[in-house]
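In what follows, a structure is listed as structure tokens, so that the remarks can point back to it.
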Protein chains: 2
Amino acid sequence: MEGFAGKITIQVSEKVYLKQPDSTVLGQKIVAGAIDMIDEIGFEDFTFKKLAKAISSTEASIYRYFTCKHNLLVYLLLWYWGWQEYRLILATTNVEDPKERLRRALKVLVEKTQKDATFSQVDEEKLSRIVISESGKAYFSKAVDHENEMGYFKQYKDVVQGVADLVLEVNPDFKYPHMLVSTVIGGAQHQRYFAEHLPKLTDVIKGEDAVSDFYMDLVFKEIEA
Amino acid sequence: MEGFAGKITIQVSEKVYLKQPDSTVLGQKIVAGAIDMIDEIGFEDFTFKKLAKAISSTEASIYRYFTCKHNLLVYLLLWYWGWQEYRLILATTNVEDPKERLRRALKVLVEKTQKDATFSQVDEEKLSRIVISESGKAYFSKAVDHENEMGYFKQYKDVVQGVADLVLEVNPDFKYPHMLVSTVIGGAQHQRYFAEHLPKLTDVIKGEDAVSDFYMDLVFKEIEA
DNA sequence: ACAAATATAATAGTAATACTATCACGTTGT
DNA sequence: ACAACGTGATAGTATTACTATTATATTTGT
């Protein structure tokens, strides 16, 4: 199993990079270094110059992989949702009962993200925090429509579509599967952030994973007409 | 009633501005001009220099009202949530039935925002789009904790608290009122954006206000144990 | 083994941004 | 009448987000 798992890589649309970061040592250092730095100082303060210094390279070299820092962020987001897609497949294949399939899929999406040993070069916990804090900067931009056409949000949309299909397997008459799923995914991420920084916007209950409990309950109450 | 309503102003914490924008013609032009410009070109591309030109003033003059463009954004967000608080009060006072009170409050928050003639200097439709697109840039920053202490999110938290209380009036045993309310508010705003730009993340049904229907249904199904 | 191709480093430069600072001018209140 | 204040005009700075060029490694094909 080890050798098998070791060969898995998450494919990211080549439209977001100039040169595949996976393919070289420098490329991998850029991605790993960017995850560290964006998690630490935030995307606004993150610059290619600082990253270059941190990984002992140069600004110009990083520009050979990504046209701009925005695209590097989009790359990270696409990788994250590609990874979630892979985890969804692992969690649901060979599970027969539709309700159980949906339950397992939701678990992947609403539970707190943990490190995945399959991809040693990526720190998924840090990446998850980046996805929570910085996604808005990618989605809510004046370039959305163009970037959507370029496939910048494909992976995320696929995840939503996949889980929406599972919802329909449980209740084929449910009218709002995409809305429910995107609400739950986005909501769970926000709640985890709120719990840490704006606790008045959430309900933290000690000893319980309130976020998981709440959203799991919400989905099944909503679709079980 | 006209004269009475005409005297209402939304109070915004003085910590976000250097000089009250309400108090002068220039201040009002800065706020109104900022709403127009941020809605049009987005917060990233918005600069005080461009705003100054648009309202025939100077960069330095705008800096006498706001220390930075970020604080101007925070001002707009505080104003918006202060305004929503006022609308919530209007919608719920003198309504006896708890369920009806909650229903009316939710309507205010999930329905599409329309112009409010009470505040002629503010274009609430544009402001609403700004709140949807740019809120994340204020909430998900490395300065959250500090800004939270400064009261930058107070108005929003008050709105969530107020509606959470209405939820508890309907079902005093419900465990997650804040989570439910913040999920619904944030979700509804995102869905309106998705409907326009990323339709695969939502379920638009022609002739129906799917967003309102979905979230209204979601809340009552969830809390009616 | 050696030239050719390619990758990266080193350095310099640019327009725009997000401010700060200074001074001049006109209006307002006392 | 004059100080205080609000605004405008102008200039200046460090940083950012790039682009461009050249030099030096490293890899690759033959």
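Note that these values count all heavy atoms, side chains included, but never hydrogens, waters or copies made by symmetry. Every chain is numbered from 1, with letters handed out A, B, ... down the list of sequences.
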Taking only residues at least two apart or on different chains, which pairs with a member in [range] satisfy salt bridge (Lys or Arg N to Asp or Glu O under 4.0 Å)?
range                       : answer
residues 189-199 of chain A : R192(A)-D209(A)
residues 39-61 of chain A   : D39(A)-R129(A)
residues 115-126 of chain B : D36(B)-K126(B), K115(B)-E124(B)

What orientation do W79(A) and F119(A) show, parallel under 30°, tilted 30 to 60°, or perpendicular over 60°?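 Aromatic pair W79(A)/F119(A) classed perpendicular.
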Counting side-chain heavy atoms from CB outward, which of dC19(C), dT17(C), dT16(D) is closest to T47(A)? dT16(D)
ring-ring contact (aromatic ring centres under 6.0 Å, His included) involving Y65(A) - partner list, sequence neighbours excluded: none
Q189(B): partners by side chain to side chain donor-acceptor pair (under 3.5 Å), with sequence neighbours left out: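 Once residues adjacent in sequence are excluded, Q189(B) has no partner under the side chain to side chain donor-acceptor pair (under 3.5 Å) criterion.
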Quick one: [X] [atom1] to [N] [atom2], roughly how many Å, whole number?
X      : N       : atom1 : atom2 : answer
L73(A) : dA17(D) : CG    : P     : 13 Å
Q20(A) : dA7(C)  : CD    : P     : 13 Å
D45(B) : dT16(D) : CG    : P     : 18 Å
L18(B) : dT20(C) : CG    : C1'   : 13 Å
F46(B) : dA18(C) : CZ    : C1'   : 12 Å
L51(A) : dT16(D) : CG    : P     : 13 Å
I62(B) : dT17(C) : CD1   : P     : 14 Å

Tell me every residue that passes side-chain contact (heavy atoms from CB on, under 4.5 Å) with K29(A), counting only those two or more places apart in sequence or in another chain. V25(A), I55(A)
Tabulate below the donor-acceptor pairs under 3.5 Å that side-chain atoms of residues 197-204 of chain A make, not counting sequence neighbours, or state none.
from, atom 1, to, atom 2, distance (Å)
H197(A), ND1, D145(B), OD1, 2.8
H197(A), ND1, D145(B), OD2, 3.3
T202(A), OG1, Q191(A), OE1, 2.6
D203(A), OD1, H178(B), ND1, 2.7
D203(A), OD2, H178(B), N, 3.0
D203(A), OD2, M179(B), N, 2.7

Is there a residue in residues 33-44 of chain A whose heavy atoms reach under 4.0 Å of DNA chain C, and which residues are they? none
Considering just the side-chain nitrogens and oxygens of K69(B), establish if one lies under 4.0 Å of OP1 or OP2 belonging to dA18(C). yes
All N/O contacts under 3.5 Å from nucleotides 4-11 of chain D to the protein, with atom names and distances to one decimal?
from, atom 1, to, atom 2, distance (Å)
dG6(D), O5', K19(B), NZ, 3.2
dT7(D), OP1, Y65(B), OH, 3.3
dT7(D), OP2, K19(B), NZ, 3.0
dT7(D), OP2, Y65(B), OH, 2.7
dG8(D), OP2, S57(B), OG, 2.4
dG8(D), OP2, S61(B), OG, 3.0
dG8(D), O6, R64(B), NH2, 3.0

